[in-house]
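What follows is a single structure, written as structure tokens, with notes after it.
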Amino acid sequence: IIKEVELDECILCDIDMTKTVLRNLISNAIKFTPPEKYIKLSVHKFNDSYLEISIQDQGPGIPVHMLADLFKYSFNKPKIMNHKEAGTGLGLPICKEFIELQ
């Protein structure tokens, strides 16, 4: 994991929700990134009031036709990942809900 975090900022957030979101997104990146590739975690100032946290991986990506339903609970069914880890399909919808609640 390559970290591009050059800010020394504090954020106002629910620490448990934020940790859950970051843990899920990093876990997804690890599941879908081939062993010889990397994951990049970066933090940038979005404006005077916000920070943007980005997690990018070099996995296969999500097909365009699936993007519209990505955060729906009914769409996300359990799947087998790269490393034979099963997912529940709840991670991204929960992450979206946690971010919206904050």
Side-chain angles (χ1 to χ4, degrees):
I1 297 178
I2 298 169
K3 296 187 298 183
E4 289 184 358
V5 181
E6 298 178 16
L7 300 171
D8 187 20
E9 302 282 338
C10 291
I11 60 172
L12 179 61
C13 67
D14 180 289
I15 191 70
D16 293 323
M17 282 187 186
T18 302
K19 282 182 180 179
T20 298
V21 169
L22 292 174
R23 188 172 43 248
N24 182 267
L25 295 176
I26 291 169
S27 175
N28 283 353
I30 291 169
K31 286 179 192 178
F32 288 105
T33 300
E36 67 277 0
K37 301 293 183 172
Y38 66 86
I39 297 163
K40 183 168 75 171
L41 170 67
S42 59
V43 179
H44 302 284
K45 261 193 170 174
F46 184 68
N47 60 33
D48 290 338
S49 300
Y50 297 95
L51 295 178
E52 178 183 71
I53 300 170
S54 174
I55 300 164
Q56 297 174 296
D57 64 59
Q58 293 188 312
I62 300 166
V64 175
H65 71 277
M66 296 174 74
L67 293 177
D69 296 322
L70 195 59
F71 296 105
K72 295 180 181 174
Y73 285 103
S74 61
F75 175 76
N76 287 286
K77 303 291 184 217
K79 299 171 182 69
I80 301 299
M81 312 304 173
N82 269 4
H83 309 291
K84 308 235 187 270
E85 298 177 43
T88 63
L90 298 175
L92 289 179
I94 288 173
C95 286
K96 181 178 186 288
E97 191 171 326
F98 282 2
I99 294 301
E100 288 173 346
L101 285 170
Q102 295 186 68

E100 side, atom CD; F71 side, atom CZ - distance, nearest 0.5 Å: 9.0 Å
I15-I55 co-clustered via ILVMFWY side chain contacts under 4.5 Å: no
Smallest separation among heavy atoms of G59 and P34, with atom names: CA-CD, 4.1 Å
Partner residues of L51 under the side-chain contact (heavy atoms from CB on, under 4.5 Å) criterion, sequence neighbours left out: L7, E9, I11, V43, K45
Hydrophobic cluster identity match, L22 and Y50, side-chain contacts under 4.5 Å: no
Side chain to side chain, I2 and L41, heavy atoms closer than 4.5 Å: no
Rounded distance (nearest 0.5 Å) linking atom NZ of K40 with atom CG of D57: 12.0 Å
Inter-residue atom distance I30.CD1 - L25.CG, 0.5 Å rounding: 11.0 Å
Non-hydrogen atoms of I62 and L70 that approach each other most closely: CD1-CD2, 3.7 Å
Atom pair CD (Q102) and CD (E97), whose distance is rounded to the nearest 0.5 Å: 11.5 Å
Minimum side-chain heavy-atom gap L101-M17 below 4.5 Å: yes
Pairwise salt bridge (Lys or Arg N to Asp or Glu O under 4.0 Å) hits with a residue in residues 15-28, at least two apart: none
Distance in Å, E52 CD paired with H44 NE2, rounded so as to fall on 0.5 Å steps: 7.0 Å
Separation between CG of L92 and CG of N24, rounded to the nearest 0.5 Å: 6.0 Å
Under 3.5 Å donor-acceptor, Q58 side chain and Y38 backbone: yes
